[in-house]
Number of protein chains: 2
Amino acid sequence: MPQLADQALVENALKQPLADFKVGVDNVIFSVDTARNRLLVLLVKRRDEPFLNYWSLPGTLVRKGESLENAAYRILEEKIRVHNLYLEQLYTFGGPGRDPRESEQSYGVRYLSVSYFALVRFADADIVNSQSGHVAWHFLEKLPNLAFDHQQILQYGYQRLRNKLEYSPIAFDVLPELFTLNNLYQFYTTILGENFSDYSNFRSRLLKLGFLFDTQEKVSRGAGRPASLYRFDSEAFAPLKDKPLVFI
Amino acid sequence: MPQLADQALVENALKQPLADFKVGVDNVIFSVDTARNRLLVLLVKRRDEPFLNYWSLPGTLVRKGESLENAAYRILEEKIRVHNLYLEQLYTFGGPGRDPRESEQSYGVRYLSVSYFALVRFADADIVNSQSGHVAWHFLEKLPNLAFDHQQILQYGYQRLRNKLEYSPIAFDVLPELFTLNNLYQFYTTILGENFSDYSNFRSRLLKLGFLFDTQEKVSRGAGRPASLYRFDSEAFAPLKDKPLVFI
DNA sequence: CCAAAAGTGTTACTGCTACACCCATGA
DNA sequence: TCATGGGTGTAGCAGTAACACTTTTGG
């Protein structure tokens with residue numbers, strides 16, 4: 001994809017003055033509805049032009065004295081109450097013309113979007129109810145048309161989610177304190193698809209890594225043998241940090 | 001590392017007006033001196049305050065109408081003539097206070113840095129000689145103190161370089177058209193360290209992947225059996241794109 | 001013929017895949 | 001006692017690490 005810059009473009013750029021920016025932060029917030037095995041994304045309905053009434057990623061413009069990461073957390077807190085989450089920076093989209101508001105050349109302010117990727121615990125993620133219906137979870141499989149280039153950002157975030165899941169323990173940031181191995185497996189299945197791995201192999205792989213502590217407590221769901229509840233043991237995990245792990 | 005935002009911080013932020021930004025692009029440009037097996041980074045000596053006379057990553061401020069990526073290419077072209085390279089976005093550093101020029105609260109313009117990571121072919125990377133001595137390759141092992149937070153950005157880029165090397169064919173963007181397997185091995189060794197893999201295992205792994213074409217041409221370096229020259233066959237590689245590969 | 005560099009092969013081991021099978025419970 | 005979900009075991013295969021070995025050159 002990268003290409004050498006056109007010499008003409010370079011020279012043209014140098015004749016231009018510096019661009020003035022407003023910086024936005026847009027969040028791709030995922031959650032897994034473990035009861036129904038659905039992967040969800042949080043979207044908000046726009047109440048202003050441009051793209052009035054389109055769904056979009058929750059975002060905000062960065063304020064004086066505020067760090068990018070803090071802005072990302074602020075968006076989250078404005079939309080949902082949540083106690084457990086994983087968050088990291090995704091990518092920065094900043095081509096001129098990505099936001100139609102730039103087109104009025106008069107002011108010439110550009111909008112740059114630093115996107116963040118978050119995964120939140122569904123159980124305690126309550127949508128803040130100030131503007132009912134304007135903030136909602138959407139199934140990833142059937143998304144509406146999104147404002148701006150948010151479809152692209154979302155795709156990028158989904159890719160990152162799947163990668164992270166394979167080599168990072170982010171699932172445990174978001175599962176309940178205690179969970180069965182089947183819960184864990186379903187979680188992975190919902191995100192990666194049905195055939196990502198055989199259940200029994202998944203079990204042994206994860207258990208062999210040695211950071212899942214069996215509490216011996218059992219839970220039953222209808223018929224069938226009761227399952228052990230496990231806890232993620234972050235101390236046992238610590239030495240494995242940075243090491244390349246495979247959860248797939 | 002991520003933490004829930006302090007509620008007080010959120011409320012404070014909302015009282016603030018939007019921040020005005022200038023956006024800078026900083027490049028972490030790596031190259032491998034294959035003759036001496038050294039990993040190099042391109043640095044420029046600052047000619048202005050702040051950090052006058054400190055070495056820093058080559059960077060620029062984004063101009064009107066210019067995309068981030070184009071700005072990244074522009075920096076490259078201003079500092080070195082190069083024909084083969086790999087380039088991708090790295091990370092965006094944007095906390096308030098990362099640039100001392102912000103501290104005069106009067107103007108309140110913030111400087112945000114979108115960093116790019118590049119790997120260039122050493123052989124044809126000629127430093128543009130407008131300001132002799134102010135642009136230079138440095139050994140990664142003995143870096144000077146860098147301006148701003150550039151040390152951090154560089155570390156981040158080095159991490160990315162090592163990761164990319166393990167699962168992407170970026171080495172071939174930067175090696176000569178024709179190379180011996182030993183050239184390739186040395187290239188990897190220079191970046192990943194001596195013990196990343198046994199030479200003969202590295203050979204067979206790479207050859208088994210099937211995208212290295214043996215030209216049958218031989219080249220000798222002093223005593224010893226002459227080595228075959230290979231060529232990266234991008235057509236043969238195409239189907240492997242996106243697939244998870246292991247080059248280690 | 002020897003040393004140096006390139007290239008091939010072998011062996012032991014690890015880890016994964018795809019199952020078959022056993023266990024504990026509710027109805 | 002059967003269906004259901006949880007959990008264990010194993011045989012075959014593939015991939016890897018470590019190292020011994022062969023080949024081709026220069027001196």
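Proteins get letters first, then strands, A, B, ... in listed order; numbering begins at 1 in each.
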Check your understanding: Between B:Tyr86 and B:Glu88, does any side-chain donor sit less than 3.5 Å from a side-chain acceptor?
Key -> yes

Review point. How many Å lie between CZ on B:Arg221 and C1' on D:dG27, as a whole number?
Key: 17 Å

Point to revise | B:Tyr230 side chain vs B:Leu184 backbone, donor-acceptor pair below 3.5 Å | key: no

Check your understanding: So does B:Asn201 get a side-chain nitrogen or oxygen closer than 4.0 Å to the phosphate oxygens (OP1/OP2) of D:dT16?
Key -> no

Review point. Under the 6.0 Å and 45° cation-pi test, does B:Arg231 pair with B:Phe213?
Key: no

Check your understanding: What integer distance in Å separates A:Tyr230:OH from D:dG6:P?
Key -> 12 Å

Point to revise | Close side-chain approach of B:Pro226 to B:Val219, heavy-atom, < 4.5 Å | key: no

Review point. What are the 5'-most and 3'-most nucleotides of DNA chain C lying under 4.0 Å from any heavy atom of chain B?
Key: C:dA4 to C:dG9

Check your understanding: Once you round it to whole Å, what is the distance between P of D:dA17 and CG of B:Asn195?
Key -> 13 Å

Exercise for review: Could you check whether A:Ser200 gets within reach of a base, just the sugar-phosphate, or nothing at all, counting any heavy atom under 4.0 Å?
Suggested key: base

Review point. So, do A:Tyr91 and A:Ile153 sit near enough that their side-chain heavy atoms are less than 4.5 Å apart?
Key: no

Review point. Taking OH from A:Tyr185 and C1' from D:dG7, how many angstroms apart are they, rounded to a whole number?
Key: 14 Å

Exercise for review: In plain terms, say whether B:Glu166 and B:Arg162 are close enough for a salt bridge, that is, a side-chain N and a carboxylate O under 4.0 Å apart.
Suggested key: no

Review point. If each of B:Ser220 and A:Gly224 is mapped to the nucleotide of DNA chain D with the nearest heavy atom, which maps nearer the 5' terminus, i.e. the 5' end?
Key: A:Gly224

Review point. Which nucleotide in the set D:dT25, D:dG6, D:dT4 lies at the smallest distance from any side-chain heavy atom of A:Asn182?
Key: D:dG6

Point to revise | Sorted by number, the residues of residues 203-218 of chain B with heavy-atom contact under 4.0 Å to DNA chain D | key: B:Arg205

Exercise for review: Indicate whether any N or O donor in one side chain lies under 3.5 Å from an N or O acceptor in the other, for B:Ser115 and B:Asp26.
Suggested key: no

Practice item. Round to a whole Å and report the spacing from CZ of B:Arg225 to P of D:dG26. Key: 13 Å

Review point. Does one side chain, of B:Gln155 or B:Gln159, offer a donor that lies under 3.5 Å from an acceptor on the other?
Key: no

Practice item. State whether the side chain of A:Thr180 and the backbone N or O of A:Ser228 hold a donor-acceptor pair below 3.5 Å, judged by distance alone. Key: no

Point to revise | Value in whole Å for how far the C1' atom of D:dG12 lies from CG of A:Asp198 | key: 15 Å

